[in-house]
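Quick note: numbers below take in every heavy atom, side chains included, and nothing from hydrogens, waters or symmetry partners.
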Amino acid sequence: MSDFTRNALMFAALGGLILLTGTMQSWNSAILILNMGLISAIMALGVNLQWGFAGLFNVGVMGFVALGGLAVALVSIDPVGEAWNAGGTRIVIALLAGAGTIVAAVISYQRVAKGLNRTLVMLSILIIGFTVYRTILDPGVSAVEAVNPAATGFLGGLGLPVIVAWPVGGLLAAGAAWLIGKTALGLRSDYLAIATLGIAEIIIAVMKNEDWLARGVKNVVGLPRPVPYEINLQKSASFVERAESWGTDPVTASTIFVKLNYSLLFAVVLVVIFLMAQAALKSPWGRMMRAIRDNEVAAEAMGKDVTRRHLQIFVLGSAVCGVAGAMMTTLDGQLTPGTYQPLRFTFLIWVMVIVGGSGNNLGAVLGGFLIWFFWVQVEPIGLWLMQLVTSGMAEDNGLRSHLINSAAHMRLLTMGVILLLVLRFSPRGLIPER
């Protein structure tokens with residue numbers, strides 16, 4: 001069997017599972033799995049760029065996804081005029097003062113001769129700059145967060161179309177990746193993993209605690225959408241007539257129609273990113289990245305700037321994760337910093353890459369869809385299985401209650417079993433690198 005036929009059969013089987021979900025459960029559930037599968041595939045492509053192309057062990061995926069979600073709030077929400085009047089200008093001035101302090105410290109480090117004088121100058125700049133920064137920032141933050149905290153209590157955004165936030169999310173994640181990469185990419189792979197994980201937690205902590213930025217744990221709800229609202233479709237006479245011609249009620253038809261609109265948008269983004277990743281992989285730059293991945297010492301001996309290339313691929317992969325994070329927040333319709341957990345937004349994405357095939361973009365896409373499908377469906381399937389196994393037991397049987405209550409743990413167990421089976425029988429993934 002050729003590779004093309006084998007890959008086509010795997011994707012066809014995956015499509016069959018989604019269609020079976022629509023038939024056995026509901027089409028709303030099936031299309032939601034499809035949409036989250038598209039987003040997960042994009043996240044897996046971002047990690048595959050870093051690990052599969054360059055061997056960079058980034059365990060801070062969650063942070064870059066969260067920055068993409070933050071971009072949606074900062075770009076699409078209308079500005080809160082009263083909050084800006086209360087303290088917005090002070091916050092902006094404080095942030096500029098903080099940035100200026102960092103720049104001044106860097107310049108002093110470069111221009112002052114090494115020794116005690118340089119240390120004293122840098123400490124003086126940092127202490128004075130931090131004092132000025134907090135003196136300006138704190139009153140402004142207090143004023144902004146006091147403005148109708150139940151509904152706003154933050155500065156708002158730019159009021160731009162929400163789709164604009166998707167590339168902005170990529171740029172925001174790329175900027176953070178550049179700052180992180182300038183300091184962390186000189187570390188060994190295991191230390192890099194620890195550093196990226198810690199920085200991701202810092203990003204989430206800032207999003208949770210700085211209410212003036214995006215309401216913190218109070219969440220930003222009612223984000224604008226790039227697709228119609230269901231209620232508007234249900235009020236449209238033409239859509240109601242069309243739904244009746246489809247043999248379904250307007251409520252169900254509207255929800256399916258909206259989700260399919262999201263599917264189309266997400267599929268376009270996935271195809272564009274996939275084609276760009278494929279072009280990069282087959283280019284001289286892509287071959288150079290894989291050569292660096294396989295033997296850094298030999299690549300350096302050939303005159304390649306390994307650290308610079310690592311920084312490039314780290315920024316690109318993080319930008320892709322940022323775009324996916326913005327898309328996911330748009331689909332959810334709200335920004336909820338408390339939901340960003342490493343299990344969901346870092347380690348599950350790594351499972352997708354490993355199962356699909358590290359170093360193969362098509363494998364990353366397959367892994368994204370496949371792992372997300374099982375992540376969603378294993379729990380209800382496990383509950384059904386436990387109910388079937390215990391169907392002959394009495395209602396008050398302790399073993400029956402224990403097995404049914406344990407069905408929720410089937411999700412983590414199944415992820416581990418899938419990973420072990422793939423590593424045992426196809427250690428390079430379902431679609432290995434060629």
Considering residues, nucleotides and ligands other than M288, do more than 12 of their heavy atoms fall under 6.0 Å from its CE?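 Counting neighbours around CE of M288, more than 12 heavy atoms of other residues, nucleotides or ligands fall under 6.0 Å, so yes.
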Should the heavy atoms of other residues, nucleotides or ligands under 6.0 Å from CD of E82 be counted, would the total exceed 12? no
Please confirm whether the backbone N or O of [Y] pairs with a side-chain atom of [X], one donor and one acceptor, at under 3.5 Å?
| X | Y | result |
| --- | --- | --- |
| T414 | M410 | yes |
| T101 | F130 | no |
| S254 | L233 | no |
| T329 | A326 | no |
| N48 | G359 | yes |
| R287 | K282 | yes |
| S40 | G37 | no |
| T196 | V59 | yes |
| R411 | W375 | yes |
| N7 | I431 | no |

Heavy-atom pair of closest approach, residues [X] and [Y]:
| X | Y | result |
| --- | --- | --- |
| F154 | A83 | O-CB, 3.4 Å |
| L192 | A184 | CD1-O, 3.5 Å |
| I313 | L49 | CG1-O, 3.2 Å |
| Q50 | G317 | NE2-C, 3.6 Å |
| L38 | S263 | CD1-O, 3.6 Å |
| I204 | A66 | CD1-CB, 3.4 Å |

Side chain to side chain contact (heavy atoms under 4.5 Å, CB included), that's the test. Do I125 and M122 meet it? Break it down for me. CA-CA 5 Å; I125 292 173; M122 284 191 61; 5.8 Å; no
Distance flag, aromatic centroids of F239 and F257, threshold under 6.0 Å: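 When the ring centroids of F257 and F239 are compared, they turn out to be within the sub-6.0 Å range.
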Measuring only between side-chain heavy atoms, which start at C-beta, is [X] closer than 4.5 Å to [Y]?
| X | Y | value |
| --- | --- | --- |
| I77 | L74 | no |
| K182 | L311 | yes |
| L14 | L366 | yes |
| L155 | L213 | no |
| M327 | L331 | no |
| V251 | E230 | no |
| T21 | F373 | yes |
| L348 | M415 | yes |

Working to the nearest 0.5 Å, report the span between [atom1] of [X] and [atom2] of [Y].
| X | Y | atom1 | atom2 | result |
| --- | --- | --- | --- | --- |
| D332 | L223 | CG | CG | 9.0 Å |
| I354 | L430 | CD1 | CG | 12.0 Å |
| L270 | L265 | CG | CG | 12.5 Å |
| L370 | L17 | CG | CG | 8.0 Å |
| L171 | S318 | CG | OG | 12.5 Å |
| T339 | Q334 | OG1 | CD | 8.0 Å |

Checking side-chain polar atoms at under 3.5 Å, does [X] have a donor or acceptor matched by the opposite partner on [Y]?
| X | Y | result |
| --- | --- | --- |
| N28 | T255 | yes |
| T89 | W84 | no |
| N360 | E433 | no |

R309 and E296 ion-paired at < 4.0 Å: no
Between R215 and D211, is there a salt bridge with N-O shorter than 4.0 Å?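 Looking at R215 together with D211, the answer is no, because their closest N to O distance does not fall below 4.0 Å.
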I want to check a possible cation-pi pair here: R225 against Y229, using under 6.0 Å from ring centre and within 45° of the ring axis as the test.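 That pair qualifies as a cation-pi contact.
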Could you tell me if R290 sits above the aromatic ring of F53, with its cationic atom closer than 6.0 Å to the ring centre and no more than 45 degrees from the axis?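 Relative to the ring axis of F53, which defines the angle, R290 lies outside at least one limit.
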List the steps and the verdict of side chain to side chain contact (heavy atoms under 4.5 Å, CB included) for F11 and L362. CA-CA 10 Å; F11 275 99; L362 193 63; 3.8 Å; yes
How are the rings of F57 and W350 set to each other: parallel, tilted or perpendicular (split at 30° and 60°)? perpendicular
Intermediate values then yes/no, side chain to side chain contact (heavy atoms under 4.5 Å, CB included), L343 and L412: CA-CA 10 Å; L343 175 64; L412 298 177; 3.9 Å; yes
For L137 and I91, what are the C-alpha separation, side-chain angles and deciding distance, and is it a side chain to side chain contact (heavy atoms under 4.5 Å, CB included)? CA-CA 5 Å; L137 178 71; I91 291 177; 4.1 Å; yes
